[in-house]
Protein chains: 2
Amino acid sequence: MNIGDVSTRTGLPAKTIRYYEDIGLVTPDRAGNGYRRFSPAHVHKLRFLARARSLGFSIEECRDLLALWEDRARASADVRAIANQHLDRIEAKITELQEMRDTLAGLVRACHGDDRPDCPILRDLEGGTPKAG
Amino acid sequence: MNIGDVSTRTGLPAKTIRYYEDIGLVTPDRAGNGYRRFSPAHVHKLRFLARARSLGFSIEECRDLLALWEDRARASADVRAIANQHLDRIEAKITELQEMRDTLAGLVRACHGDDRPDCPILRDLEGGTPKAG
DNA sequence: CTTGACCTTCCCGTGACTGGAACCCTTATG
DNA sequence: CATAAGGGTTCCAGTCACGGGAAGGTCAAG
């Protein structure tokens, strides 16, 4: 199978698939004309990667997950540890973004948003005068 | 004031302050020995930047906000538009992360996490067999 | 024989910095 | 006077996970 087919089958751009080869995540064969040739197993692997990436795992985590996936003697605890770590990072990021959102939403609410120059948003950015009174 | 003092006063690393000069966000004076010299106004501006960045505004948004901040005739609506747009992006990101979190949390819960190889997390990544039965 | 859709490699750009090398300026101390 | 410490300076490279685009090879159809 050529890279274009693999791309449609996995949803990954061809560029991304080449990149994954570059960094050693997949190693397709080569046809006589130099074209990459992918087996169903390669496609399966790339789908695994696409799914893991869509869940926000980093490339290095994907590499680890792939290794575990291909290790028939792996311990599920190892997989869960990676997932849990990632989960913690996601939770932290969510909290951080929620704080940003709350602050910003408050400022946007406080701003009348017309053609006058007075603006609580800028006042906050300027010096943390969070609307006195 | 030298860059080190500005760094402590604003909480921004010196490297970042130099970077902000590079991209034209601040333009400190220069002393005879080539050192950057910052006025209180520069520090104020950098604090503005630090606060805006901490709220997740991109550098380009910061540039726009700075321009509005320094335009005494600005309309608060313009500021609010930028903030609102940013708010939407934050909301979208939060939703995306929450979906990731929910999926991952489900998988982690389903994984017994011991030394056996059987693992629902890998099963999901492998092919979307989301635990049949 | 040409067209057009594929494929290849290669290099640059992204955002917002961070690390590090190699060097200059200033002050204090032996 | 040498030197060491602790500022500062420039410039280059790396991060992460690709994406854009150039320059060119390959293949099936008309």
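Quick note on labels: first sequence line is chain A, next is B, and so on, each numbered from 1.
- Spacing between atom CZ of R63(B) and atom P of dG15(C) amounts to 11 Å, rounded to whole angstrom units.
- Across dA17(D), dC17(C), dC7(C), the shortest atom-to-atom separation from the side chain of N2(A) is found for dC7(C).
- Distance, K93(B) NZ to dG15(C) C1': 14 Å, rounded to whole Å.
- Spacing between atom CZ of F57(A) and atom P of dC18(D) amounts to 15 Å, rounded to whole angstrom units.
- Side-chain polar atoms of R89(A) and H86(A) form a donor-acceptor pair below 3.5 angstrom.
- Closest non-hydrogen pair, R53(B) versus C62(B), comes out as CD-SG, 3.8 Å.
- Salt-bridge annotation for D118(A) and R116(A): absent, with no side-chain N of the basic residue lying under 4.0 Å from a carboxylate O of the acidic one.
- Between the side chain of S7(B) and the main chain of I3(B), no donor-acceptor pair closer than 3.5 Å is present.
- A salt bridge is absent between E21(A) and R18(A); no separation between the charged side-chain nitrogens and carboxylate oxygens falls under 4.0 Å.
- A pairwise comparison of heavy atoms in H42(B) and T27(B) identifies NE2-O, 3.3 Å as the closest pair.
- For L25(B) and dA16(C), the CG to C1' distance is 11 Å, given to the nearest whole Å.
- Computed from coordinates, the R18(A) CZ to dC10(C) C1' distance equals 12 Å when rounded to whole Å.
- Test Y20(B), W69(B), F57(B) against F48(B) for ring pair (Phe, Tyr, Trp, His ring centres under 6.0 Å) and you get one pass: W69(B).
- If you check dA16(C), dC18(D), dT8(C) against the side chain of R30(A), the one that comes closest is dT8(C).
- Contacts of I23(A) with the nucleic acid, taken as non-hydrogen atoms under 4.0 Å apart, are absent.
- A salt bridge is absent between R36(A) and D29(A); no separation between the charged side-chain nitrogens and carboxylate oxygens falls under 4.0 Å.
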Just the atom pairs and distances: protein N or O near nucleotides 18-22 of chain C's N or O, under 3.5 Å.
from, atom 1, to, atom 2, distance (Å)
dT18(C), OP2, T16(B), OG1, 3.0
dG19(C), N7, K15(B), NZ, 3.1
dG19(C), O6, K15(B), NZ, 2.8
dG20(C), O6, K15(B), NZ, 2.2

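- At the phosphate of dC17(C), OP1 or OP2 sits under 4.0 Å from a side-chain N or O atom of R53(B).
- Going from atom CG of D29(B) over to atom P of dG8(D) covers 16 Å, rounded to whole Å.
- R123(B) and E126(B) are not joined by a salt bridge, as no carboxylate oxygen comes within less than 4.0 angstrom of a charged side-chain nitrogen.
- As judged by a 4.0 angstrom heavy-atom cut-off over every strand, R36(B) is placed among residues touching the sugar-phosphate backbone only.
- For the atom pair CD (Q85(A)) and CG (D64(A)), the distance works out to 9.5 Å, reported to the nearest 0.5 Å.
- Atom-to-atom, CG of D22(B) to C1' of dC17(C) comes out at 11 Å; the value is rounded to the nearest Å.
- Between the side chain of R80(A) and the main chain of A110(B), no donor-acceptor pair closer than 3.5 Å is present.
- Rounded to whole angstrom, the span from the CD atom of E21(A) across to the P atom of dA17(D) amounts to 18 Å.
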Polar atom pairs (N or O), protein with nucleotides 26-29 of chain D, under 3.5 Å:
from, atom 1, to, atom 2, distance (Å)
dT26(D), O4', Y35(A), OH, 3.4
dC27(D), OP1, N33(A), ND2, 3.2

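- In DNA chain C, consecutive stretches of 3 or more Watson-Crick or G-U wobble pairs with both distances under 3.5 Å are given as paired ranges: C:1-30 with D:1-30.
- N2(B) places no side-chain N or O within donor-acceptor distance of the main-chain N or O of G4(B), the cut-off being under 3.5 Å.
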